[in-house]
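Here's the structure we're looking at; comments come further down.
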Amino acid sequence: MDQDLEVDRVSKRYNAHLAVDALSFAVPHGSFFSILGPSGCGKTTLLRLIAGFLEPDSGDVRIGGHSMRGVSPNRRPVNMVFQNLALFPMMSVGENVGYGLARRDIASTEIRNRVAAMLKRVGLPGAEGKRVDQLSGGQKQRVAIARSLVLEPTLLLLDEPLGALDLKLREHMKIELKQLQADFGTTFVYITHDQSEALVLSDRVAVMSAGRFEQIGTPQELYYAPHTAFVAGFVGANNRLSGTVQRVDGDIIELHTAQGLALHARCTEHVVAGNEVEAFVRPEVVGLARDAAGLATGTPYYTGRIESLLFDGANSTVLVREQPTNTEFRIALPQTGQFADLRESEMIVFGFDPERAISFRGGNDGR
Amino acid sequence: MADRLRSRTTATLAGDLVAPHMRLALFLLLAPALLWLLGLIVLPHVDLAVLSLRTRVAPRTYELGFGNYRTFIDEPLYWHTFVRTAVMSIFATVCTLLIAFPAAWYIAKIARGRAKSLLFVMCLIPFWVSETVRTLGWMILLRESGVLPRLLVELGITAKPVELLYHDTTILVGLVYTSMLFMVVPLVSALESLDDSLIEAAYDLGGNGLSILRQIVIPHAAPGIAAGSIIVFMLTLGNYLTPTLLGGKNSLWFTEQIYTQFITRFNWEQGAAFGFLLLVLSTAIVWLGLVVTGQKFGDVMRRS
Ligand SMILES: Nc1ncnc2c1ncn2[C@@H]1O[C@H](COP(=O)(O)OP(=O)(O)OP(=O)(O)O)[C@@H](O)[C@H]1O
Ligand SMILES: [Mg+2]
């Protein structure tokens with residue numbers, strides 16, 4: 001597959017602060033690529049380097065196979081959807097969508113037709129005459145995307161475009177964005193600090209931290225096989241337990257936490273007894289039962305007291321304090337309704353398959 | 001239904017009880033403003049209007065009529081001066097706008113922190129000295145034996161000192177210089193409220209400098225531009241000192257005619273008519289300007 005975007009060892013420094021640190025990646029044609037990272041990790045800087053608002057200190061950005069060095073933003077085959085959308089308030093919806101076409105000296109009847117067709121495709125037929133401030137948040141969103149897509153860019157860059165919307169609308173627009181991208185087949189590069197957006201929308205996700213990529217992979221790879229402690233901690237909910245390695249048995253290690261809890265986890269890195277490690281156990285990996293007989297045989301189990309019930313429909317979890325070490329575990333409730341009558345401060349047993357708990361050497365997660 | 005009726009009657013009752021107090025308080029609060037409006041603006045103008053409609057036929061005998069306005073039309077010098085003042089004022093306003101816009105852009109969008117306040121202060125500095133002194137400063141620089149003509153001779157650009165005063169250009173330079181601040185301030189506040197991402201978005205969509213200026217920046221800054229232009233135009237039209245000092249005898253500024261009628265000729269009636277004409281002129285041109293650019297006066301004054 002040919003690559004629409006290739007970023008080759010690109011760096012950008014603001015005074016003493018290295019915002020983007022020798023990043024390289026490629027985005028194949030027609031895919032949805034997300035960059036996921038905490039606030040201030042350099043996501044916007046990276047996007048502005050691609051859009052051309054910033055020049056890299058070193059390295060090269062290639063779009064559709066052509067180097068973009070010295071090419072100004074208005075000549076690059078990329079368009080950007082800004083975080084605050086940046087719709088032109090002095091123009092109508094139709095003029096907003098037609099702005100880019102008019103800059104290309106296209107005949108006005110042709111512009112009118114293309115604008116109408118585009119507005120129809122994003123579900124706003126006949127909205128040309130409306131003023132921008134007459135639109136709802138979601139409609140503005142669609143106009144902003146339509147304004148870029150009508151130019152048929154090689155690449156569409158989106159900088160946290162759902163950030164300004166409320167939760168409900170965000171959920172809805174997430175699905176719409178995915179459909180729009182599939183519909184148009186345009187390559188999307190999407191920036192977010194919301195891991196659920198990245199996981200739901202993307203073909204591939206890059207997890208970014210302090211100007212570097214920690215891992216690039218499919219949402220499934222990031223979720224089930226994180227390469228670093230940072231990725232394990234950032235993508236999806238996780239119980240994080242740090243401790244010292246006691247025993248190594250193949251790729252299963254036994255570690256003891258400072259509170260004295262002993263547990264088993266998988267470790268793909270080379271560790272020896274005495275190393276500091278961090279283990280991550282996903283809430284849905286942990287099995288819950290009223291007594292030991294209810295758990296899968298052969299896995300170690302623990303006893304705990306229920307601290308609180310966090311009911312959230314299908315995402316309900318419980319906070320459990322392991323006894324006697326008092327270590328906190330967040331455990332997903334099975335959706336069978338089997339534990340619907342669970343009460344706070346009830347005693348319960350739980351356990352997990354060590355193969356599905358993953359651990360990394362401590363002190364390398366960059367936080 | 002019954003509830004609503006009852007609540008309505010209580011409301012009217014309460015309104016009736018409270019209203020007299022409220023109205024009195026409101027009146028007292030507004031009294032200074034009303035007094036100011038009436039005493040200092042409306043009354044003198046009514047008086048001026050009445051005065052302008054009297055013509056002196058013999059010492060101490062007056063006749064009501066449009067005689068003073070007829071004199072204005074019949075005497076070419078008067079209406080020449082009138083038109084000339086209007087055209088020069090419009091031209092000065094346009095020049096001020098053209099010079100102030102890049103300066104305001106720099107202050108609002110490019111300069112940061114200390115540089116920004118420093119630039120603002122630089123616009124303000126000319127106002128630390130009185131207008132008279134400032135204009136005399138220009139005269140010292142520009143008169144035949146002044147600094148600039150001598151410099152031109154020293155540099156070998158002119159053979160002998162040239163008189164730089166008493167030209168129309170000199171008047172324009174003086175007027176633009178005096179008006180700068182009043183254009184820069186509303187422009188800066190209008191441009192500061194323009195979101196940078198709009199400019200970036202336009203650039204990203206393929207716009208270039210000129211199209212962005214025309215389609216994004218100017219429409220956004222229009223109320224600020226209109227406010228600045230109105231203020232500068234009115235100040236220029238009513239300016240007396242700068243045209244008289246820099247233009248000398250042949251400055252032909254309309255305010256000078258008014259001054260002459262009132263003070264030299266002691267023909268207050270004629271002066272009043274001229275004053276009234278100037279008021280009508282400035283109102284008409286401001287109104288025309290707003291109509292042509294599609295602005296509303298209220299919006300403009302609120303935004304600036
Ligand atoms: N113009 C600038 N001058 C100096 N430092 C800057 C500038 N812009 C950004 N930075 C710094 O670079 C780092 C990365 O900024 P960036 O805006 O790329 O972060 P981000 O990942 O987009 O964060 P957010 O999710 O909060 O938008 C930050 O630490 C920021 O302080
Ligand atoms: Mg950002």
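Throughout, protein chains are lettered first and strands after them, A, B, ... in sequence-line order, and every chain is numbered starting at 1. Given the structure is predicted, the values throughout are model-derived calculations rather than measurements.
Interface residue B:D204: backbone and side-chain heavy atoms are both found under 4.5 Å from chain A. With a 4.5 Å cut-off on non-hydrogen atoms, B:L210 does not touch chain A at all.
Scanning residues 80-98 of chain A against chain B with a 4.5 Å non-hydrogen threshold yields A:M80, A:F82, A:N84, A:A86, A:L87, A:F88, A:P89, A:M90, A:M91, sorted by number. Within residues 120-155 of chain A, the residues having any heavy atom closer than 4.5 Å to a heavy atom of chain B are A:R147, A:S148, A:L151, listed by residue number.
In A:R75, the CZ atom is not crowded: 12 or fewer heavy atoms of neighbouring residues, nucleotides or ligands sit closer than 6.0 Å. Within 6.0 Å of the CZ atom in B:F120, the count of heavy atoms belonging to other residues, nucleotides or ligands exceeds 12. No more than 12 heavy atoms of other residues, nucleotides or ligands sit less than 6.0 Å from atom OH of B:Y106.
Here the side chain of A:N74 pairs a donor or acceptor atom with the backbone of B:G207 at under 3.5 angstrom.
Not counting sequence neighbours, the partners of B:S211 by the side-chain contact (heavy atoms from CB on, under 4.5 Å) test are A:Y99, A:R103, B:N208, B:Q215. Taking A:R204 as the reference, nothing meets the salt bridge (Lys or Arg N to Asp or Glu O under 4.0 Å) condition, with sequence neighbours excluded.
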